[in-house]
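Here the structure is laid out as structure tokens; the discussion comes afterwards.
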Amino acid sequence: MQLYNSLTRRKEPLPEPPGPIRIYVCGPTVYQRIHVGNARPYVVFLWLRRWLEAGGYDVALVENVTDVNDKIYDAARAEGIPSAELAARATRWYFEDTEELGLGRPDVEPLATETIPEIVALIEELVDRRLAYASGGDVYFRVAAFPEYGSLSGANPDDMVAQEPSDLKEDPRDFALWKATKPHEDTSWSSPWGDGRPGWHIECSAMAEKHLGPQFEIHGGGLDLRFPHHENELAQSRGAGREFARLWAHNGMLELASEKMSKSLGNIVSLRDALDRWGREAILLLLLGAHYRSPVEFSERAIEQARAQVETFRDHFVGLEHGAEVVERERLAEALDDDFNTADALALLHDWRSRGLSASLAWGLELFGLGSLGRASEAPDEVKELAERRLRARAEREFGEADRLRHEIEQAGWQVRDVAEGFQLVPR
RNA sequence: GGCGCGGUGGCCGAGUGGUUAGGCAGAGGCCUGCAAAGCCUCGUACAGCGGUUCGAAUCCGCUCCGCGCCUCCA
């Protein structure tokens, strides 16, 4: 299998199975319910793990939670509750909402606040190596001392302007590893430089190493993180002498620009709302239909199209015994082994459906967490009873009564279809 | 301005030199008490301009347009 490496800007082969393939993904900052865009890297990398494991790989997936940061302080202050409490609540929401996607969970989901000793130790190492310096209770990374800086984002360090202007910095490009506690911040830890909390980037360097070791195969996350976050992670870890990630995989953005939706929901759709409104399968199918590196527009129209596909696949299995043909695994592998092209894979699922290759289809859907579409659910007895009555009404040619019953069945959330053997009930 | 990505039929979206992608929507038909589902048929796209080539959506150049990042946003 090969994957596109953002660092080298070309596709590169992964080691042969069983690997191992160790993956670190940057998860969300938890200060409110996550939005559907946050769900994209979560979905993409869980899918990738499923595919790698199906191919005999030994995979370790770590996806962190950033639970200390300015936004969390701000949100907590606005609500008048301790920031640790707000972060804990939002972390719980994150787990609940993503759990509903039904893709399983990463092997480890570390919190930044549980990694403080490792973070402090790593900063001390950087200070010892003269790649970092303490200044007024803060500690900064010395960009000028790391020649590789800019290699990931492709930016020339000389062209860079201040990341966050501060009088405490030697160089405006330097970035914070440790920040001294400010009066309005209610969460802090003691350190050799005084009370404070970690900068945004160092936590990921520390967590990745803690759970995957100094060298691992894949580092993932949203494309928007490439700079400065990933550039800075790379500088910290490589600067400290670790090989760190060999391949950087960035997913494209989910765009929430659509007309109708933005008005009512302020341009942000939470994963929670999306799940309630369109269901997990539609969200997954929308993401499946685009290559992971491409942007995806999350519009009313787009998600409705995805939902139509949910029905298409579900319909295929209604009243059907699963096929027993040999699964065309190779054809799916062709698509997925080449930079994980799920859009191509989705086309193949449709192909299997139209050719009646139900065993292949069921296997493919299951791979992407869509196995539920291959298992027609059983209608409740009340609904079946209505359908029986309608069948008798039709036999008596009392079509008015039959139509009335069909309407009643629809009210109960089911669709009735007439087939040679009687009827079928399909959830709607 | 800098770095990077992209512009495919009504919409979404594959496709790295020569064969029908696929889905959604739409039109017609078969089937049906009416439906639904399914099946059949139909649209002949590749931003523009040059170039390379027997042949380009696919390679090269330029132009136009869009997007991401460049003060912590997955």
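Below, read A as the first sequence line, B as the second, and so on, with proteins coming before strands; counting in each chain starts at 1.
Checked against ring-ring contact (aromatic ring centres under 6.0 Å, His included), A:Tyr94 has no partners two or more places apart in sequence or in another chain. For A:His250, the ring-ring contact (aromatic ring centres under 6.0 Å, His included) partners are A:His230, not counting sequence neighbours. Scanning for side chain to side chain donor-acceptor pair (under 3.5 Å) contacts around A:Glu100 gives A:Arg272, with sequence neighbours left out. By the ring-ring contact (aromatic ring centres under 6.0 Å, His included) test, A:His229 pairs with A:Trp200, A:His201, sequence neighbours left out. Remark: A:Arg389 engages A:Glu385, A:Leu386, A:Arg392, A:Glu401, A:Arg404, A:Leu405 in a side chain to side chain contact (heavy atoms under 4.5 Å, CB included) (not counting sequence neighbours). Taking A:Glu185 as the reference, A:Arg197 meet the side chain to side chain donor-acceptor pair (under 3.5 Å) condition, with sequence neighbours excluded. Every residue was checked against the ring-ring contact (aromatic ring centres under 6.0 Å, His included) condition with A:Trp414, not counting sequence neighbours, and none meets it. With sequence neighbours left out, the side chain to side chain contact (heavy atoms under 4.5 Å, CB included) criterion links A:Glu170 to A:Tyr133, A:Arg142, A:Asp174.
Of the residues in residues 386-395 of chain A, those with a non-hydrogen atom less than 4.0 angstrom from any atom of RNA chain B are A:Arg390, A:Arg394.
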- Treat primed atoms plus P, OP1 and OP2 as sugar-phosphate and everything else as base, then score nucleotides 6-16 of chain B 5' to 3': B for base contact with protein heavy atoms under 4.0 Å, S for sugar-phosphate contact only, - for none. ----BB-SSSB

- Heavy atoms under 4.0 Å is the rule here; annotate nucleotides 42-47 of chain B 5' to 3' with B where the base is hit, S where only the sugar-phosphate is, and - elsewhere. ------

- Task: Quick one: the dot-bracket string of RNA chain B, using Watson-Crick and G-U wobble pairs with both distances under 3.5 Å, [ ] for crossing pairs and | for bases paired to another strand.
- Result: ((((((((.[[[..)..(...]]].(((((.......)))))....[[[[[..)....]]]]])))))))....

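Distance noted for atom C1' between B:A56 and B:U19: 15 Å (whole Å). Between B:U71 and B:C24, the distance separating the two C1' atoms is 42 Å to the nearest Å.
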